[in-house]
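Every chain is numbered from 1, with letters handed out A, B, ... down the list of sequences. Hydrogens, waters and symmetry mates are skipped; everything else that's a heavy atom, side chains included, is used.
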Amino acid sequence: MLFEALTFQLGYNATLVTIGAVLLGLAAGVTGTFLFLRKRALVSDAIAHATLPGVGLAFIALTLLGFDGRNLPALLIGSALSAILGLFAVQWLTARTRLSEDAAIGAVLSVFFSFGIVLLTVIQTMETGGQAGLEGFLLGSTAGMLFADAALIAAGGAIVVALVFLFRRPMTLVSFDPGFAATSGTSLNRIDLVIMGLVMGVTVVGLKIVGLILIVALLIIPPVTARFWSDRAEHVVIFAGIFGALSAWIGAALSASAPDLPTGPLIVLVSFALFALSMIFAPGRGLLASAYRHRWFQRGVHIRQGLLALAQGQPIYEPLTLRLLSRAGLARADGVATESGKARAARALRDEKRWEVARATPDLELAAARYDGLTRIEDVLTPDQIAEIDARIGGPEAVA
Amino acid sequence: MIGADFVPFALTPLLIGCLASVACALPGNFLVLRRQALIGDAISHVVLPGIVVAFLITGTISTWPMLIGSAGAALVAVAMIEGIRRFGRIEPGAAMGVTFTALFAAGVLLLEQSDTSGVHLDVEHALFGNLESLIWLDAIGWSSLADPQALAGLPPEIFRLAIVTALIGLGLMVFWRPLAISTFDEGFAETLGLPVRAIGLGLVIASAIAAVAAFDAVGSIIVIAMFICPPAAARLMTNRLGAQVLWSVAFALASAISGFVLAAYGPLWLGAQNAVSAAGMIGTVSGVFLALAALFGPTRR
């Protein structure tokens, strides 16, 4: 089942939904990166929660006018309108009152959501409301979706991806260097509006797949995951898109493969799993890489200090130092230097002396600041400078 | 509306709504001032997996396992946020977003996968609560308030929330000065030798306790709305902290009472038959108060 779902063989509708989800994940990951860099990630939470009253009102209006209340395009238009209102409320509260943005976000998301719940209970008591299935918008439900709806979601996802592609340059510019963007004639407000518009698009397309409570995860987790894999802006954007699409694909497939597996939570959990794996295993910023670097540095410092002690004829008390030295073949277990240990010790001592002189020389002070007990002076100073230092400390000395 | 039905069917949910609102609004004042308003949002999402796990272990939805489960989930969330922030070097807002969405998703998945058909536990319940069902069947009228036998039949939530609200109020009074100083001027508080980090942590713990106690009775919507809306509205009414806290309690009570009444009786006045969600209406009304304060509050700018 899972294999069929992953390879788009579970029927036409499921395939369309999965394609829609993948496009949605891609668009959300990329848009989320810009949002994350503009430090407005949680505004999307307010936008997402603010869609609920729109969905409810659209359903009620349709039913009262005698149409089928479950018309997805109409519900999505309703959700977009109330999301715009919610975004406007956040902006207005932040700009026109003393409240900070986080309070405005929290207020808007809780109040709009509350009102949406009131509308849902109203709908439940309406004659046609019992089978409305609007709860599906809370956590996403793709089971038993109509063909037209699945096609709409796939098309919506494709449009959002196209818009992201179209606006990628100004958005990148504004996110990574707002000052430069402003001086080079890009309107910050207009691009911020574009980013918010795309967030709105992601939210509306994602309502039926992920649900409004968890859509914010698709905008936050992939960018944060991508951050572990690269320090370069354009790469982070691409990685975020890939991680978003991957989570949506696997999550939607898992959800289609068995009953009682809601789509939204599964996509979020897959996305979190990718995040956790990245945090542990990513080269560079991952936990294992950091731990390895730490150990490597610790080992280097121990060996260096051990060599210096050998060079100066001092006993080594630290067991770890002794163990590292004897494992590297530089000293015997009782702390007596081997032949190669003596050579290395002499070199370490000389290096240390050179650093000492460099630190005391005003011209070399800047370079000497790079001393960390491991860096060889040859990597910092030119041969000429070293020769100058050597002239002051004399030739190499052998270790007894 | 003050008929014979009022005491058994409306008095206890009304009281519980008021207590829950005040319990959340009190710490909310400081969260809003410290720009940590969204912590309430995060906590109320995280409680769900804790409750589900507690249910899966004990097989019942009794009070203490639920409380311990949700408190445990809150601790796990704090540890996760802190770990992601420190070891992953991710900014706090994003770390919070990653944590609460993932935990909430896990809670929903567990809930859908486990057999909860025999008990009243589902996602809707967690979100909207069931304030309306916390009725006092032993009561026959106002006279029951003096009847020990009827009083014994009060819903247990009412006592739990009363205790939590009292504890939070007491804690605020005892730690008022250090809390106020560290909220407005952390640097100054540090030079005075106040344990700034411990105070911040204490505030988060108090908020979590309020959220967990209220969540069980009224669902997470009221919790989020009450953490933010009454304190935010109060902040637009006054510049003094003491007055702000009092305003926030007033807004919380007004929201709870008018929201509950509107939900229970409003549809009847409009000619409809069924009541609407009380939790949703209380949150909505608190938003109306905030909007009014934002438009007309004396210190709105």
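The shortest non-hydrogen separation linking A25(B) to A252(B) is CB-CB, 3.9 Å.
The choice from C229(B), S277(B), P267(B) that makes the most heavy-atom pairs within less than 4.5 Å of chain A is S277(B). Across A95(B), G93(B), G97(B), A106(B), the residue that shares the most heavy-atom pairs under 4.5 angstrom with chain A is A106(B). Of the residues considered (T225(A), V268(A), L120(A), I280(A)), V268(A) shows the highest number of contacts with chain B, using heavy-atom pairs under 4.5 Å. Heavy-atom pairs under 4.5 Å with chain A peak, among V32(B), I222(B), D41(B), T99(B), at D41(B). The greatest number of non-hydrogen atom pairs below 4.5 Å with chain B, out of A89(A), P262(A), A41(A), G211(A), is found for P262(A). Chain A forms the most heavy-atom pairs under 4.5 Å with one residue out of G40(B), A105(B), A291(B), G287(B), and that residue is A105(B). With chain B as the partner, the residue from L139(A), V216(A), L93(A) showing the most heavy-atom pairs under 4.5 Å is L139(A). If you tally non-hydrogen atom pairs under 4.5 Å between each of L269(A), V224(A), I220(A) and chain B, the highest count goes to L269(A). Contacts with chain B were tallied for T97(A), V111(A), D102(A); D102(A) has the most, counting heavy-atom pairs under 4.5 Å.
For S290(A), the part lying under 4.5 angstrom from a heavy atom of chain B is the side chain only. At a 4.5 Å heavy-atom cutoff, S220(B) makes no contact with chain A through either its backbone or its side chain. With a 4.5 angstrom heavy-atom cutoff, L138(A) touches chain B only via side-chain atoms. Interface residue I84(B): backbone and side-chain heavy atoms are both found under 4.5 Å from chain A. Contact of L261(A) with chain B is made through backbone and side chain together, with heavy-atom distances under 4.5 Å. For L290(B), the part lying under 4.5 angstrom from a heavy atom of chain A is the side chain only. Interface remark: F100(B) contributes side-chain atoms only to the contact with chain A (heavy atom separation under 4.5 Å). Contact annotation for I224(B): both backbone and side-chain heavy atoms come within less than 4.5 Å of a heavy atom of chain A. Both the backbone and the side chain of F115(A) have a heavy atom closer than 4.5 Å to some heavy atom of chain B. Using a 4.5 Å cut-off between heavy atoms, L119(A) does not touch chain B at all. Only the backbone of Q36(B) has a heavy atom closer than 4.5 Å to any heavy atom of chain A.
Within the 4.5 Å cutoff, the side chain of L42(A) has no heavy atoms near those of the E101(A) side chain. Using a 4.5 Å heavy-atom threshold, the side chains of M196(A) and L35(A) count as touching. Between H45(B) and I213(A) there is a side-chain heavy-atom pair separated by less than 4.5 Å. Within the 4.5 Å cutoff, the side chain of L31(B) has heavy atoms near those of the F227(B) side chain. Taking 4.5 Å as the limit, some side-chain heavy atom of V237(A) sits within range of a side-chain heavy atom of F34(A). Using a 4.5 Å cut-off on side-chain heavy atoms (C-beta onward), K208(A) and T263(A) make no contact.
S79(A) and T51(A) share no donor-acceptor pair across their side chains, judged by distance under 3.5 Å alone. Looking only at atom types and distance, the side chain of W229(A) has a donor-acceptor partner in the side chain of S278(A) under 3.5 Å away. With hydrogens and angles left out, the side-chain atoms of R98(A) and N239(B) include a donor and acceptor closer than 3.5 Å. There is a side-chain donor-acceptor pair under 3.5 Å between T183(B) and R34(B).
Remark: of the listed residues L57(A), V118(A), I117(A), L207(A), I117(A) is the sole one forming a side-chain contact (heavy atoms from CB on, under 4.5 Å) with L52(A).
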